[in-house]
Structure formats: structure tokens, C-alpha cells
Undergrad: 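Shown below is the structure under consideration.
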There are 2 protein chains.
Amino acid sequence: MAKKDSKILDKSTEEKIKSAARLLFQQKGFAATRTRDIAQESGINLALLNYYFRSKEKLFELIMMEALTGFFAVLKSVINDSNSSFEDKLDLLVETYITRLLVNEDIPMFILSEIRSNPKALLKVINAERLMIDSVFIHQLQKQIEAGVYKPIHPNHFLMNFMGLTVFPFVAKPMILHLGDGNETEFRKHLEERKRLIPIWIKALLNT
Amino acid sequence: MAKKDSKILDKSTEEKIKSAARLLFQQKGFAATRTRDIAQESGINLALLNYYFRSKEKLFELIMMEALTGFFAVLKSVINDSNSSFEDKLDLLVETYITRLLVNEDIPMFILSEIRSNPKALLKVINAERLMIDSVFIHQLQKQIEAGVYKPIHPNHFLMNFMGLTVFPFVAKPMILHLGDGNETEFRKHLEERKRLIPIWIKALLNT
DNA sequence: ACTATTTTTAATCATTTGATTAAATTAAAT
DNA sequence: ATTTAATTTAATCAAATGATTAAAAATAGT
């Protein structure tokens with residue numbers, strides 16, 4: 001069959017479309033992205049988008065699913081490991097997330113803004129209900145609190161603090177660059193610093 | 001002239017359109033909002049949107065401008081007051097912002113996601129370049145650091161921490177509700193608590 | 001009451017946009 | 001080499017969308 005071998009070529013075309021779609025969807029969102037822009041960006045004929053992915057919606061779902069998977073895979077693998085301490089997990093999560101987000105800065109805004117347009121559908125596919133709150137990570141935090149290592153705090157506050165300190169800089173990057181000083185390079189430098197600082201800060205919060 | 005007195009009625013129609021536009025633009029963003037949806041939501045004829053506001057773009061700019069003004073007016077009035085201390089400003093900013101955002105939860109996401117689509121244009125109209133970094137607020141922080149009250153920290157880190165702790169919960173609300181536990185009511189309760197907690201936490205960070 | 005002005009409406013336009021089709025091209029199989 | 005299947009292309013479609021227009025209705029001024 002022709003299909004089998006040409007799959008290598010198919011993949012190359014498919015991948016070109018996916019890359020362009022990823023770029024545009026993540027930058028401008030679903031509604032503001034035109035299929036023609038995806039075609040142009042990937043240098044393919046418009047019809048190939050539908051040939052390979054059936055529709056703009058299906059292509060979007062694919063891109064979003066991959067983004068979500070990537071984003072939550074890290075989380076899921078780390079937070080339920082019973083062999084590492086709470087503090088180890090904290091270090092690892094901050095380090096891993098900042099590293100990944102520095103490579104793909106648009107991911108958080110992409111996910112959050114599409115959740116805003118379509119909360120139910122997207123949150124369903126994420127399949128992460130109570131993921132954090134029922135995790136070993138949070139249980140370990142609660143043990144530490146019971147042991148008097150940290151002061152009491154509601155897990156939701158902890159979650160907001162952790163995510164706020166770690167991912168907010170990426171969500172608000174243009175505004176932060178505008179209100180503050182510094183440039184692209186400074187931004188990256190500060191985020192490298194935050195890998196070390198955020199765990200320290202979080203522990204300070206937990207002692208307050 | 002008819003115009004003068006009927007302005008009262010005009011305003012009512014104009015205001016109906018603006019309210020609907022505000023609701024939809026803030027919920028779905030510019031690109032995903034249809035003028036027909038605005039017309040339907042406000043119960044007016046589609047043509048009136050163009051009659052009063054010329055175009056979807058112009059209407060959007062108006063709504064966005066008002067959102068930005070509201071958002072930054074607070075900031076501007078607080079951060080350059082030389083009669084209050086750093087700590088007073090911190091308390092006031094957190095308190096004021098959380099109160100306002102609890103009334104209009106979509107504002108941060110609205111602003112941030114539109115900045116993402118159109119950074120230059122929007123950041124220009126905000127007219128807040130270096131607003132934070134050159135403020136009395138940040139200068140007072142630096143004085144306190146010099147005086148040994150707080151440990152050294154780069155102003156951009158402070159800015160990220162402050163905004164991350166305060167506004168991120170609103171940006172990520174659906175995800176936080178999903179990953180954590182609790183409902184709408186719990187969310188509001190936690191944000192009320194954060195009015196008190198965030199200033200304490202920030203000071204803890206500054207001592208670390 | 002009459003006129004002028006403003007506001008509202010229904011119908012329509014032009015463009016954009018996602019998608020499809022039929023033909024052409026390329027690659028694979030025999 | 002010929003046939004078959006897969007891929008690509010140019011042209012086109014139908015629906016959606018922002019905007020306009022001309023007429024009708026409402027309001028204000030005299």
C-alpha cells in the first residue's frame with residue numbers, strides 16, 4: 001500500500017500543520033486564529049488542514065490536548081510519589097515548571113484563556129478533579145502542619161500561592177515587563193532565580 | 001434640538017449596549033464575541049451598535065479603556081502617596097484590589113488576554129511604563145531594605161509576588177476550583193481571607 | 001398641529017471564513 | 001510500465017459576520 005510508507009511524508013505535512021497551529025492557537029487563541037493563517041504559516045494548501053484534521057475544531061482539540069497532557073503530566077508524576085518528601089516535591093515542581101514554561105511561555109495563558117471560553121468541556125478532558133487536593137503532596141503538607149513544622153494553612157491558599165508565584169509571571173509577562181523594568185533577558189534571569197527563591201518563599205509563608 | 005433632551009434616552013440605549021458588550025467582551029474576548037450577540041444580549045437592533053459606536057472595534061476600545069482606567073486608577077492613586085508608609089500601601093492595595101476583583105472577576109483575564117493578542121497597542125494606551133518601578137511605593141520598599149527592615153529583593157520579584165498572590169486566583173479561578181476543593185462560596189471566603197493574609201505573607205517573603 | 005431631528009427597524013451588502021470538490025500530481029504496488 | 005492509492009492544488013460553496021442603507025417610528029421644537 002502507498003499509505004504505509006508515505007506515512008513518513010504524511011507525518012511531515014501533518015507536523016507542519018500542527019506546528020503552525022500550535023504557534024497561532026497559543027499566541028492568539030482559537031477564535032482569533034484563521035485556518036488560512038495556519039495554512040500560510042505552515043506553507044501548505046488550505047484544504048490539507050481539513051484533509052488531515054477534518055476541521056479547525058478537531059485540530060484545536062488535538063493541540064489543546066497535547067498542551068494539557070504536557071502540562072499535567074509533570075504534575076501528576078510528581079505529586080503522588082510517596083518516596084520523596086514534601087520539600088523535595090516543592091523544589092522539583094518549581095524547577096520543572098519554570099524550566100518548561102521558559103521554553104513555552106504561552107502555555108499557561110493558552111490553557112487559562114480557553115478554559116475561560118469553555119470551562120466545562122475543557123475541565124472535563126483535563127480529568128484532574130481534586131487532583132491536587134487529594135494528592136500525596138498535599139497530604140504531606142498536612143502531616144507537616146500537624147507535626148508543627150508549618151503553621152496551619154488551607155490547601156487552597158497553598159495552591160493559589162504556589163501557582164501564583166510560579167506561573168503568574170508567565171501569564172502577565174507583557175504587563176510585568178511594562179510596569180517594571182528590564183527586558184526579555186532580565187525576565188529570563190529573574191525566572192531562573194525564582195527556581196531557587198520560590199521554594200524558600202513558600203516555606204517562609206508556611207511558617208507565618 | 002431633539003438631541004439634547006433625548007440624550008437621556010440615548011444614554012440608556014448606549015448604556016444597554018455597553019453593558020452587554022462589557023459582559024461578552026470580558027467573558028469571551030474580542031475575537032469570540034459577535035456583534036449580533038451583543039445586540040441580542042442588550043435587546044437592541046444590530047444597526048444601533050454601529051449607529052452609536054461606529055464599529056465593533058471602537059466599542060471594544062471603549063470597553064477596554066474603561067476597564068484599564070478602572071484597574072490602574074486605584075494603583076496610580078495609591079502607589080505615589082508620600083503620606084502613607086510602605087506597609088500601609090501594601091495593605092490598602094491588597095484590600096482594594098481583592099474587593100474590586102470580587103465584584104468583577106473577569107477583568108484581569110480580560111486585560112491580560114487582550115494584551116496577549118495585541119501587546120504594543122494596548123500597552124501604549126495603558127500609559128503605565130515603569131509605573132510601578134518608579135513609584136514611591138517601590139522607593140519606600142528600597143528604603144526599608146537599605147534600613148535593614150527587609151532583606152534585599154529585586155523590585156521585579158516583588159512585583160511578581162505581589163501580583164501573583166493577589167490577582168492570579170482570579171485569572172486561574174476555574175482551574176483552582178477544579179484542582180482544589182470548594183465551590184464559588186469557598187472561593188470568595190478564601191479571597192476575603194487573603195486580604196489579611198497576603199500582606200502578612202509578603203512581609204514574610206521580604207524577611208527571607 | 002406641523003415640521004425637523006433623532007432614533008429604530010428590516011433588509012441587504014460585501015467580505016471573511018471554514019469547508020468541500022474535482023482535477024492534477026505524486027508515490028507505491030504489481 | 002501500468003495500475004492503484006494517496007496527496008496536493010485551485011476553484012468554489014455556503015454560512016457567518018461586520019457594516020450600511022432607506023424607510024419607518026418616535027421625539028422635540030415651534
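The chains referred to below are lettered A, B, ... by the order of the sequence lines, with proteins before strands, and numbering in each begins at 1.
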Undergrad: Can you measure B:K56 atom NZ to C:dT15 atom P for me and round it to whole angstrom units?
TA: 18 Å
Undergrad: The criterion is ring pair (Phe, Tyr, Trp, His ring centres under 6.0 Å); which residues satisfy it with B:F168, sequence neighbours excluded?
TA: none
Undergrad: According to the Watson-Crick and G-U wobble definitions, with both distances under 3.5 Å, which nucleotide is paired to D:dG29?
TA: C:dC2
Undergrad: Between A:E192 and A:K195, does a salt bridge (charged side-chain N to carboxylate O under 4.0 Å, His left out) hold up when you go through it step by step?
TA: CA-CA 6 Å; A:E192 288 295 340; A:K195 290 182 185 175; 3.0 Å; yes
Undergrad: Rounded to whole angstroms, how far apart are CD on B:E57 and P on C:dT16?
TA: 13 Å
Undergrad: May I ask you to evaluate whether A:Y51 reaches the phosphate of C:dA19, defined as a side-chain N or O under 4.0 Å from OP1 or OP2?
TA: no
Undergrad: Rounded to the nearest angstrom, tell me the gap between atom CZ in B:F60 and atom P in D:dG18.
TA: 13 Å
Undergrad: So, for A:F53 and A:F60, is the gap between ring centers shorter than 6.0 Å?
TA: no
Undergrad: Considering only heavy atoms, which members of residues 27-46 of chain A lie under 4.0 Å from some atom of DNA chain C?
TA: A:T33, A:R34, A:T35, A:R36, A:L46
Undergrad: Atom CG of B:L48 to atom P of D:dA19: distance rounded to whole Å?
TA: 14 Å
Undergrad: Would you kindly compare B:A47 and A:A47 by the position of their nearest DNA chain C nucleotide and give the one closer to the 5′ end?
TA: B:A47
Undergrad: CZ of A:F53 versus P of C:dT20: gap in Å, rounded?
TA: 15 Å
Undergrad: If the plane angle is over 60° it's perpendicular, under 30° parallel, otherwise tilted; pick one for B:F170 and B:F187.
TA: perpendicular
Undergrad: Identify the residue among A:D81, A:D88, A:N83 that makes a side-chain hydrogen bond (donor to acceptor under 3.5 Å, both in side chains) with A:S85.
TA: A:D88
Undergrad: Report yes or no: is the cationic atom of A:K56 (NZ for Lys, CZ for Arg) closer than 6.0 Å to the six-membered ring centre of A:F30, at no more than 45° off its axis?
TA: yes
Undergrad: How many whole angstroms separate atom CD1 of B:I17 from atom C1' of D:dA19?
TA: 14 Å
Undergrad: Atom CG of B:N50 to atom P of C:dT9: distance rounded to whole Å?
TA: 14 Å
